[in-house]
Amino acid sequence: MGAIGISGLKPKPDMKTTFYLLCALCLSLNVVAQKKQSVPVMTPGKKAVVELVGTQSAKLIDISNQIWSAEETAFEEQASSKLLADYAEANGFKVERGVAEIPTAFVATYGTGSPVIGILGEFDALPGLSQKTVPVKDPLHAGKPGHGCGHNLFGTASLGAAVSIKQMIEQGKLKGTIKFFGTPAEEKFFGKLWMIRSGVFNGVDVMMDWHPGDKTKAAVQTGLALVDFIVEFQGQAAHASSDPWNGRSAGDALELYATGINYLREHIKPTVRIHYHIQDGGQVVNVVPDYSRLWVRVRDSKREGMTEVYERVKKMAEGAAILASVDYKISLVSGVYEVLVNRTGAEYLTKNLELLGPINYTNEEVAFAKKIQETTAKPQDGLHAKVEPLEATDPNAGGGSTDAGDVSWVVPTLRLSVATAPLATPWHSWAVVACGGMSIGHKGMLHASKTLAMTMVDLFEDPKKVEAVKAEFTKGKGDHVYKGLLPDGPPPIGQK
Ligand SMILES: [Zn+2]
């Protein structure tokens with residue numbers, strides 16, 4: 001090629017060159033043939049579920065909008081849970097409501113026998129993020145919650161996929177059992193922990209999961225393990241000026257404790273995160289506070305690392321209490337595992353994403369996205385329409401945490417991310433709420449629903465694929481025995 005480019009003349013090939021050229025041709029034909037083999041195929045079953053999600057699209061958009069408008073937070077998602085459970089019931093699922101002692105948790109089942117494929121659906125909102133469907137910050141109900149993580153799309157897309165599989169089973173095109181799990185309180189408390197403890201996931205062969213994001217890809221990062229706990233200090237109240245010597249300040253203990261945590265940051269691994277939220281620092285300025293309370297969270301990319309720092313941070317509460325001459329109490333809220341990634345399943349998801357191709361956006365949607373990026377000081381790159389190739393799993397990738405991590409240690413779990421907001425959108429923010437209530441979010445939701453349904457068709461139609469997913473799970477889990485990080489007793493419903 002180089003010689004032709006330089007001289008502009010085509011040299012006459014001799015015998016040896018001809019031989020090499022033929023070899024090169026054979027090699028390239030072979031590569032083409034191999035590539036052809038790996039090109040994903042839209043089978044009749046996959047085509048059917050894509051159409052079945054399509055026929056539900058108006059209803060799914062309506063449900064997601066109603067959940068978006070309901071703005072319900074952890075364990076209080078009565079209307080959102082009912083919307084999804086009612087839709088499942090109307091579609092012939094057997095619905096068991098209020099499982100695991102959680103009024104808003106439910107399981108919807110259709111079919112019999114193997115395989116048993118489950119799918120997770122979340123629907124809780126985040127406090128303080130209410131927002132209109134406009135690309136600048138403008139609360140719909142000031143101070144009220146909003147769907148800053150896109151869970152209105154999450155639960156709805158998953159149920160849409162489950163309903164399409166149910167219809168395939170009903171028509172005799174697939175055999176087995178489909179289970180949709182309505183999983184509350186992901187944003188606070190981690191409701192799936194109590195669902196695992198109650199055994200509702202027992203017997204599921206493979207679990208499907210997805211999450212709204214700014215990119216479309218199989219999700220193969222582990223996220224972070226975490227633990228949440230409450231630290232309370234109890235002292236002695238006194239007049240802040242006339243007799244402060246009679247006071248033992250719980251506020252002082254709180255400040256000393258928080259200061260200790262912030263000094264500790266220099267001596268922990270870069271993968272560790274520590275956050276605290278002061279829930280009570282005293283009531284008024286002229287009283288030495290006799291009570292203070294913090295919600296503390298420790299994360300690390302691995303459960304072992306998290307546990308090590310958790311023990312240190314717990315011990316520091318005792319130190320702060322000694323310094324301020326007050327009592328202290330530590331109460332576990334809950335904690336989650338990092339995700340046990342299943343790359344076998346991620347390959348199936350990626351192939352189905354490729355089959356569906358990119359999400360098509362209108363000029364108005366791109367302009368909406370760019371306005372959000374302008375408002376949030378991000379590059380105005382618009383929306384991420386294309387499918388990302390399957391990426392490597394980084395053992396210390398960082399990011400957020402999810403109670404789907406715990407599920408992934410109990411049942412092999414296949415996870416997906418689909419763009420429902422512009423590239424680089426700050427997550428858990430008004431911008432995600434805005435997109436989740438309009439067509440950008442709806443398109444991502446329907447795309448996720450189709451991809452999940454297609455991947456479930458893979459699993460229902462080919463027992464070898466189920467076995468391959470399970471084999472990777474068994475190997476990854478090794479001899480680890482799952483033990484959820486949660487206190488005894490019922491879920492903390494109503495706890496602040
Ligand atoms: Zn989320």
Side-chain angles (χ1 to χ4, degrees), residues 63-64 67-68 70-77 80-81 84 102 104-105 119-131 145-159 161 180-193 195 207-226 228 273 275 297 299 334-339 341 397-408 413-422 424-437 440-442 444-445 447-449 451-452:
I63 291 173
S64 76
I67 296 174
W68 186 89
E71 302 172 335
E72 294 172 311
T73 54
F75 288 140
E76 292 170 1
E77 319 95 329
S80 307
S81 169
L84 294 169
I102 304 171
T104 50
I119 185 161
L120 301 173
E122 297 170 8
F123 39 78
D124 59 329
L126 284 154
L129 292 180
S130 179
Q131 164 71 21
H147 273 282
C149 207
H151 292 183
N152 62 309
L153 308 168
F154 185 160
T156 313
S158 295
L159 183 53
F180 173 87
F181 295 93
T183 62
E186 194 278 336
E187 298 292 2
K188 193 176 179 185
F189 303 119
F190 304 114
K192 294 182 194 73
L193 298 178
M195 293 179 77
M207 188 69 81
M208 305 298 301
D209 181 38
W210 83 286
H211 202 286
D214 68 343
K215 287 186 179 172
T216 299
K217 58 186 182 181
V220 291
Q221 303 308 337
T222 62
L224 302 177
L226 72 73
D228 278 340
R273 300 281 182 276
H275 330 286
R297 171 170 290 184
R299 310 194 207 216
S334 58
V336 300
Y337 274 52
E338 71 273 25
V339 174
V341 172
S401 311
T402 170
D403 56 5
D406 287 61
V407 177
S408 75
T413 302
L414 278 48
R415 306 188 69 232
L416 170 73
S417 167
V418 174
T420 61
T425 303
W427 217 254
H428 285 192
S429 81
W430 63 266
V432 175
V433 188
C435 293
I440 292 173
H442 299 151
M445 172 182 77
H447 204 78
S449 194
T451 311
L452 293 162

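The basis for the numbers below is simple: all heavy atoms, side chains too, and nothing from hydrogens, waters or symmetry mates. Everything numeric here is computed off the predicted structure, so don't read it as measured data. Whatever order the structure lists them in is the order used to number ligands and atoms, beginning at 1.
Under the 4.5 Å side-chain criterion, counting only non-hydrogen atoms from C-beta, Ser401 is in contact with Leu224. Lys192 has its side chain within reach of Leu120: a pair of non-hydrogen atoms, C-beta onward, lies under 4.5 Å apart. Put simply, the side chain of Thr451 does not reach to within 4.5 Å of the side chain of Trp210, judged on heavy atoms. Between His428 and Cys149 the shortest side-chain heavy-atom distance falls below 4.5 Å.
If you take CH2 on Trp68 and CG on Asn152, they are separated by 8.5 Å, rounding to the nearest 0.5 Å. Rounding to the nearest 0.5 Å places CG of Leu159 at 8.5 Å from CD1 of Ile119.
The Zn ion (ligand 1) has Cys149 SG, His151 NE2, His211 NE2 as protein N, O or S atoms under 2.8 Å away.
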